[in-house]
Amino acid sequence: MEYKFTTENFDAEVLKSELPVLVDFFADWCGPCKMMAPIVEEMANSFDGKVKVGKCNIEENMEIAQKYHVMHIPTFVFFKGGQAVETHVGALSRQDLEKKLQGITE
């Protein structure tokens with residue numbers, strides 16, 4: 001299941017999550033973000049119950065994007081125990097994203 005992270009639910013869904021979380025910071029007009037969308041959705045399904053995978057629209061949630069220094073999109077921020085543990089800027093292959101998700105589940 002792919003989550004939608006917003007200013008209203010970010011604390012509860014990401015920072016207080018018992019599961020690791022991947023937040024895909026994106027914008028609707030971003031070409032590389034659109035390219036990553038099916039891969040992110042696939043990872044949300046593959047890691048369901050192990051990692052919360054979701055998206056955060058930077059234009060609708062600027063405060064969150066600023067807090068995590070999102071300067072370019074897509075930006076992927078990996079959270080564990082309420083802390084950002086890794087950030088990746090730019091598109092990733094399905095295999096690379098899967099490796100990163102496996103890494104935060106260990």
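- Under the 30°/60° scheme for interplanar angles, the aromatic rings of Phe25 and Phe10 are found to be tilted.
- Checked against salt bridge (charged side-chain N to carboxylate O under 4.0 Å, His left out), Glu98 has the following partners two or more places apart in sequence or in another chain: Arg94.
- Here the closest heavy-atom approach between residue Val85 and residue Lys80 is recorded as CG1-CB, 4.0 Å.
- One distance of note links CD of Glu59 with CG of Asp28; it measures 7.0 Å at 0.5 Å rounding.
- Contact record, Pro20 with Lys50: CD-O, 3.3 Å, taken as the closest heavy-atom pair.
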Test log, rule side-chain contact (heavy atoms from CB on, under 4.5 Å), inputs Leu101 and Val51:
CA-CA 8 Å; Leu101 287 169; Val51 179; 3.8 Å; yes

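- Heavy atoms only, all atoms of each residue included: Phe79 and Ala84 are closest at CD2-N, 3.6 Å.
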What verdict does the side-chain contact (heavy atoms from CB on, under 4.5 Å) test give for Lys4 and Asn9, after you've listed the backbone C-alpha separation in whole Å, the side-chain angles of each residue and the deciding distance to 0.1 Å?
CA-CA 9 Å; Lys4 180 179 179 183; Asn9 72 7; 5.7 Å; no

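- Sorted by first then second residue, the salt bridge (Lys or Arg N to Asp or Glu O under 4.0 Å) pairs that include residues 6-19, not counting sequence neighbours, are Glu13-Lys52.
- Using a 4.5 Å cut-off between side-chain heavy atoms of Ile, Leu, Val, Met, Phe, Trp and Tyr, with links allowed through other members, Val53 and Leu19 fall into different hydrophobic clusters.
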Acceptor/donor pairs from residues 65-78 side chains to any protein atom, 3.5 angstrom cut, sequence neighbours excluded:
residue: Thr75; atom: OG1; partner: His72; partner atom: O; Å: 2.4

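- Note: Cys56 SG to Tyr3 OH = 15.5 Å, rounded to the nearest 0.5 Å.
- Panel note: side chain Asn61, backbone Ile58; no donor-acceptor pair is recorded below 3.5 Å.
- Following chains of ILVMFWY side-chain contacts shorter than 4.5 Å, one cannot reach Leu15 starting from Met62, and the two form parts of different hydrophobic clusters.
- Contacts of Glu2 classified as salt bridge (charged side-chain N to carboxylate O under 4.0 Å, His left out), with partners at least two apart in sequence or in another chain: none.
- With sequence neighbours excluded, the residues that form a side chain to side chain contact (heavy atoms under 4.5 Å, CB included) with Asp96 are Leu92, Ser93, Lys99.
- Distance check, rounded to the nearest 0.5 Å: SG of Cys33 to NZ of Lys55 gives 7.0 Å.
- Residues passing the side-chain hydrogen bond (donor to acceptor under 3.5 Å, both in side chains) test with Glu41: none are found, sequence neighbours excluded.
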Taking it one step at a time, do Phe5 and Asn57 satisfy side-chain contact (heavy atoms from CB on, under 4.5 Å)?
CA-CA 8 Å; Phe5 301 124; Asn57 187 319; over 6 Å; no

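- Here the closest heavy-atom approach between residue Thr7 and residue Glu63 is recorded as OG1-OE1, 2.8 Å.
- Taking both residues in full, the closest heavy atoms of Lys100 and Glu86 are given as NZ-OE2, 2.5 Å, listed atom of the first, atom of the second, then distance.
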Give the intermediate values and the outcome of side-chain contact (heavy atoms from CB on, under 4.5 Å) for residues Gln102 and Phe47.
CA-CA 9 Å; Gln102 287 170 344; Phe47 284 85; 3.8 Å; yes

